[in-house]
Amino acid sequence: MPNITLPDGSKRDYDNPLTVMEIAESIGAGLAKAALAGRVDGLLVDTSCLVSVDAEVAIITERDHDGLEVIRHSCAHLMAQAVQRLFPKAQVTIGPVTEDGFFYDFAFERAFTPDDLQAIEKVMGEIVKENLKVERSILSREDAIAMFKEMGEDYKVQIIESIPGEEDLSFYRQGDFIDLCRGPHVPSTGSIKAFKLTSVAGAYWRGDANNEMLQRIHGTAWGSKKDLNLYLQRLEEAEKRDHRKLGKHLDLFHFQEEAPGMAFWHPKGWRIYQAVQRHMRQVQDANNYKEINTPQLVDYSLWEKSGHASKFADEMFSVESDNRMYAIKPMNCPCHIQVFNQGLKSYRDLPLRLAEFGSCHRYEPSGSMHGLMRVRSFVQDDGHIFCTEEQIQAEVADFMDLLFLVYKDFGFDEVILRLSMRPEKRVGSDDLWDKAEQALKDALNATGLPWELVPGEGAFYGPKIEYSLKDCMGRVQQCGTIQVDFFTPGRLGAQYVAEDSSRKTPVMLHRAILGSFERFIGILIEHYAGALPAWLAPEQAMILNITDKQIDYCQKFEESLKNKGFRASMDLRNEKIGFKIREHTLQKIPYLLVVGDKEVENGTVAVRKRGGEDLGTMTFDDFCTHLSQDVANFGRSDSALMTENNSSE
RNA sequence: GCUCGCAUAGCUCAGGCGGUAGAGCACUUCAUUGGUAAUGAAGAGGUCCCCGGUUCAACUCCGGGUGUGAGCACCA
């Protein structure tokens, strides 16, 4: 008879086989009430699962991550049940768990409206109150298909038919609702306590744009009302940080109909752009990149040669002029090869690292554009390294070192690494791919960090590493990349003279650290909630006079700061000091310098930091030293700058 | 590109059975010269996204377009 080992190591003997729920009951009534599922020898199961042999058993509650997933998955079923109660004609398809909740896709004759969502939510509440038992059952494929056919659930039939293998399938029933599902699920609908439907949108059946569009209802579910509210607050916080909102509020940039997907940068936004670019230029110079600049308009034939036209013709802007077709460059690499091709190159010239802040345009699909994050006009911190096969590994390793340093400068410590391996359709020999993939793997392993291998996702010309960073909201943003390219240099005739005087084709590494400046600045704005660290802040210090008696002094102070290279301005308006402080605090300026009669008399300014901290009075030199130190610290997250965001507003 | 929303003052947003519109902030003027998150008063400000249709009459209803939001698809 079963001897059960609990997670704390304690053991219990039972006389008869019993269910997970019965084990929970034997431990305590409270635990039994909270039990959502169980883990038996590492396997996640329903609370109704019978344990008849010795096993390690854990009771899963809302406190476990797995418990949350069970709740969300069950909540998806709950929603589907509610939808079918309200709309019997709606067909169910799939309903998986997502990072913060779940969704379910439905096929229905008309679109669901926000009002429908409310009604569905209400019915969900009713089903929770009914506390329907959730029961698992097993059906053969034939029976299952017959059942769903009779129910008119065509999509379910398709799903079952596409599941490989011959085994029977598990089903979950709660009242009048039954769904194909691996499980596990909560014991009864009453276990689902906190949920909310968040949105409805279209989604293609099986994720394929050639298929019909279903309707996806998104929802979120949590173990308690409190957790749900915390999550909703997090959403609100993300909304407050939205770079589109802050871009307007802080007067950084705008978009308008005449130039969809292309930013108009305002003076303050452009200062940020310049600061970011200045930094990257300096970093590249210091690391033996040679900056170049190439045309934005290039004859279409080059894009045909490079292979881009055949694949991306629809996504390229083109211009006809003087009976010639030009494309507005969607990327810099073909142009960089043109620069490489000028003059005979020797193996001694390699590795040759070319960099360009080149303006590129891509006709992105209208529905994909999103503020600065996805635009049609952008500039990358783009670079191409021409090297030999033997040099790949060292170049990749150097690049990674640089990338980590740069991310730290911008305040990002957590980097997520992914290696995309050879796709089915590719060029180059397997031998070459083996080498390139190995080189990237070695470089990744050398970091000592975990990385993820993604099969089949590489570019057709070579494998690539993608670097994502986590912002302070925990969101993952893909930014950097390094890609090995065996293909394009040869296609565009790049060659170098090897040691044995033979002509060889160089390998090209495409690489970017930030990705596009537009997108990266969008990420920065959201990461810092608009309160950029001093080295990036468009306005570093604002001088505020108390009365107009101090105007001369303020003007001199401002001029001196500007002469030192700081970005300073003054607000001499006839307003009360409290008003000015409020206004410039809302503009998230790092330092406010208050000047009254006292300061004029002593030759100082009263320094107030963005978060409200009073640094007392300082002389011009003292303040310059302070600000210089702050600027020199960049956005390194060990500084106090991060905490100050939360206290503003 | 697809599905469903949305588009009103510089900004954030109200509004109306179809009879050409309103608030707060910002802006301008006047008064006020003040010490760390909103001084008071007055004034000005609108092609209600664009093009058609219905109607005596359209910002409102209908159709189309553009932009935009959420999601899907795409992302060299």
Side-chain angles (χ1 to χ4, degrees), chain A residues 98 103 105 108 110-114 116-117 198-218 239 242 244-245 248-249 251 254-261 303 306-316 329-334 360 362-371 373-376 380 459-461 464 478 481 483 485 487-488 510 515-516 519 544-551 572-587 592-599 606-614 617 647-649:
Chain A
T98 61
F103 64 78
D105 288 350
F108 190 43
R110 66 164 177 85
F112 293 123
T113 66
D116 292 334
L117 244 56
T198 48
S199 69
V200 55
Y204 297 109
W205 165 234
R206 297 202 146 142
D208 186 337
N210 298 314
N211 290 342
E212 65 272 32
M213 187 158 268
L214 307 172
Q215 293 187 70
R216 176 168 298 179
I217 303 180
H218 281 268
E239 212 177 303
D242 190 314
R244 294 164 299 187
K245 214 171 225 181
K248 214 180 266 182
H249 176 233
D251 194 17
H254 84 271
F255 289 90
Q256 65 184 53
E257 286 193 23
E258 287 81 354
W303 307 103
S306 71
H308 290 100
S310 61
K311 210 168 171 206
F312 295 107
D314 290 347
E315 284 81 38
M316 280 159 63
K329 71 173 167 187
M331 54 179 356
N332 301 305
C333 45
C360 295
R362 295 179 185 176
Y363 186 80
E364 300 285 358
S366 56
S368 69
M369 289 188 293
H370 179 90
M373 301 298 196
R374 184 95 179 255
V375 286
R376 286 183 174 162
Q380 287 166 300
F460 69 96
Y461 49 69
K464 60 182 178 184
Q478 201 212 303
T481 184
Q483 315 183 354
D485 186 348
F487 178 63
T488 321
H510 306 247
S516 94
R519 180 177 150 73
L544 313 175
N545 61 333
I546 304 277
T547 72
D548 50 20
K549 274 186 276 178
Q550 301 96 28
I551 287 181
L572 303 178
R573 289 177 303 171
N574 176 15
E575 295 290 352
K576 289 190 168 181
I577 192 67
F579 178 85
K580 295 189 195 179
I581 298 243
R582 175 181 157 81
E583 208 156 81
H584 296 109
T585 299
L586 290 175
Q587 285 296 305
L592 303 184
L593 311 179
V594 178
V595 176
D597 286 340
K598 273 185 285 179
E599 285 74 21
V607 182
R608 180 191 161 107
K609 260 183 109 167
R610 179 162 48 197
E613 190 191 345
D614 182 1
T617 56
S647 49
S648 59
E649 247 181 323

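Throughout, a chain's letter reflects where its sequence line sits, starting with A, and its residues are numbered from 1.
- At the heavy-atom level, A/Val594 lies under 4.0 Å from base atoms of the strands shown.
- Comparing atom distances between the A/Phe312 side chain and each of B/C75, B/U36, B/C74 picks out B/C75 as nearest.
- Across all strands shown, B/A31 pairs with B/U39; the Watson-Crick or G-U wobble distances both stay below 3.5 Å.
- Note that the NE2 atom of A/His249 and the CD atom of A/Gln587 stand 5.5 Å from one another [nearest 0.5 Å].
- Put simply, the side chain of A/Pro330 does not reach to within 4.5 Å of the side chain of A/His308, judged on heavy atoms.
- For A/Gln483 (side chain) and A/Ala459 (main-chain N/O), no donor-acceptor pair under 3.5 Å exists by modelled atom type.
- Closest approach of A/Cys333 to A/His510, counting heavy atoms only: SG-CE1, 3.4 Å.
- Across B/U55 and B/C72, the matching P atoms stand 44 Å from one another, rounded to whole Å.
- Side chain of A/Ile581, nearest nucleotide from B/C75, B/A37, B/G71: B/A37.
- You'll find a donor-acceptor pair under 3.5 Å spanning the side chain of A/Arg374 and the base of B/C75, going by distance alone.
- The nucleotide B/A57 finds no pairing partner, because no Watson-Crick or G-U wobble arrangement with both distances shorter than 3.5 Å includes it.
- Between B/G15 and B/U29, the two P atoms lie 34 Å apart (nearest whole Å).
- When distances run from any side-chain atom of A/Met213 to the nucleotides B/C75, B/A37, B/U3, the shortest one goes to B/U3.
- Taking atom C1' in both B/G18 and B/A58, one finds a spacing of 6 Å when rounded to whole Å.
- Scanning both residues, A/Asn332 and A/Cys360, for their nearest heavy atoms gives OD1-SG, 3.7 Å.
- For B/G35 and B/U47, the P atoms lie 43 Å apart once the distance is rounded to whole Å.
- Between A/Glu583 and A/Gln550, the residue anchored nearer the 5' end of RNA chain B, judged by the nucleotide with its closest heavy atom, is A/Glu583.
- Remark: P of B/U36 and CZ of A/Phe579 are 16 Å apart, rounded to the nearest angstrom.
- Between A/Lys248 and B/U12 there is a side-chain N or O to OP1 or OP2 distance below 4.0 Å.
- A/Ile577 comes within contact range of the sugar-phosphate backbone alone, with a heavy-atom separation under 4.0 Å but no base atom that close.
- With a 4.5 Å cut-off on side-chain heavy atoms, A/Phe579 and A/Arg573 count as touching.
- Remark: C1' of B/G71 and CE of A/Met369 are 16 Å apart, rounded to the nearest angstrom.
- With rounding to whole Å, A/Leu593 atom CG is found 14 Å from B/G35 atom C1'.
- Atom P of nucleotide B/G69 and atom NZ of A/Lys245 are separated by 13 Å, given to the nearest angstrom.
- Closest to the A/Lys576 side chain, of the nucleotides B/G35, B/C74, B/U39, is B/U39.
- In this structure A/Arg376 satisfies the salt bridge (Lys or Arg N to Asp or Glu O under 4.0 Å) test with no other residue, sequence neighbours excluded.
- Picking from B/G71, B/C2, B/A76 the nucleotide with the shortest atom distance to the side chain of A/Tyr204 gives B/C2.
- For B/G18, there is no paired base (Watson-Crick or G-U wobble, both distances below 3.5 Å).
- One cannot find a donor-acceptor pair under 3.5 Å joining the base of B/A73 and the side-chain atoms of A/Arg206.
- Side-chain contact check for A/Val375 versus A/Glu364: every heavy-atom pair is 4.5 Å or farther apart.
- For A/Arg244, a side-chain nitrogen or oxygen approaches OP1 or OP2 of B/A70 to under 4.0 Å.
- Among the heavy atoms of the strands lying under 4.0 Å from A/Ala606 is at least one base atom, whether or not backbone atoms are also near.
- Checking B/G10 for Watson-Crick or G-U wobble geometry (two distances, each under 3.5 Å) identifies B/C25 as its partner.
- Residue side chain A/Asp548 reaches the base of B/U33 through a donor-acceptor N/O pair under 3.5 Å, judged by distance alone.
- If you take NE2 of A/His584 and P of B/A38, they are 14 Å apart, rounded to a whole angstrom.
- For A/Leu586, taking side-chain heavy atoms from C-beta onward, the closest of the listed nucleotides B/C75, B/C72, B/A37 is B/A37.
- At B/G1, one or more side-chain N or O atoms of A/Ser366 fall inside 4.0 Å of OP1 or OP2 (strictly under the cut-off).
- The CZ atom of A/Arg582 sits 7 Å away from the P atom of B/A38 (whole-angstrom rounding).
- B/A44 is unpaired under the Watson-Crick or G-U wobble criterion, no partner having all donor-acceptor distances under 3.5 Å.
- Comparing A/Met331 and A/Gly207 by the nucleotide of RNA chain B whose heavy atom lies nearest to each, the residue mapping closer to the 5' end is A/Gly207.
- Searching all strands for a Watson-Crick or G-U wobble partner of B/G5 with both distances below 3.5 Å returns B/U68.
- For the C1' atoms, the distance linking B/C75 with B/G22 amounts to 44 Å, nearest Å.
- The structure places OH of A/Tyr461 at 6.0 Å from CG of A/Asp485, a figure rounded to the nearest 0.5 Å.
- A/Lys580 pairs with exactly one of A/Asn545, A/Leu592, A/Val594 by the side chain to side chain contact (heavy atoms under 4.5 Å, CB included) rule, that one being A/Asn545.
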Measure all distances between protein nitrogen or oxygen atoms and nitrogen or oxygen atoms of nucleotides 60-66 of chain B, and list the pairs falling under 3.5 Å.
{"from": "B/U66", "atom 1": "O2'", "to": "A/Glu257", "atom 2": "OE1", "distance (Å)": "3.2"}

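- For the P atoms, the distance linking B/U66 with B/C50 amounts to 16 Å, nearest Å.
- Atom name P, nucleotides B/A44 and B/G53: the rounded distance is 37 Å, in whole Å.
- Straight-line distance from the NE2 atom of A/His370 to the P atom of B/G67: 17 Å, rounded to whole Å.
- Spacing of P atoms, B/G65 relative to B/C2, comes out at 9 Å, to the nearest Å.
- Side chain A/Glu315 to base B/G1: no donor-acceptor pair is found below 3.5 Å.
- Pairing partner, B/A73: none, since no Watson-Crick or wobble contact has both distances short of 3.5 Å.
- Using a 4.5 Å heavy-atom cutoff, the side chains of A/Arg110 and A/Asp116 are in contact.
- Atom CG of A/Asn545 is separated from atom C1' of B/U33 by 10 Å (rounded to the nearest Å).
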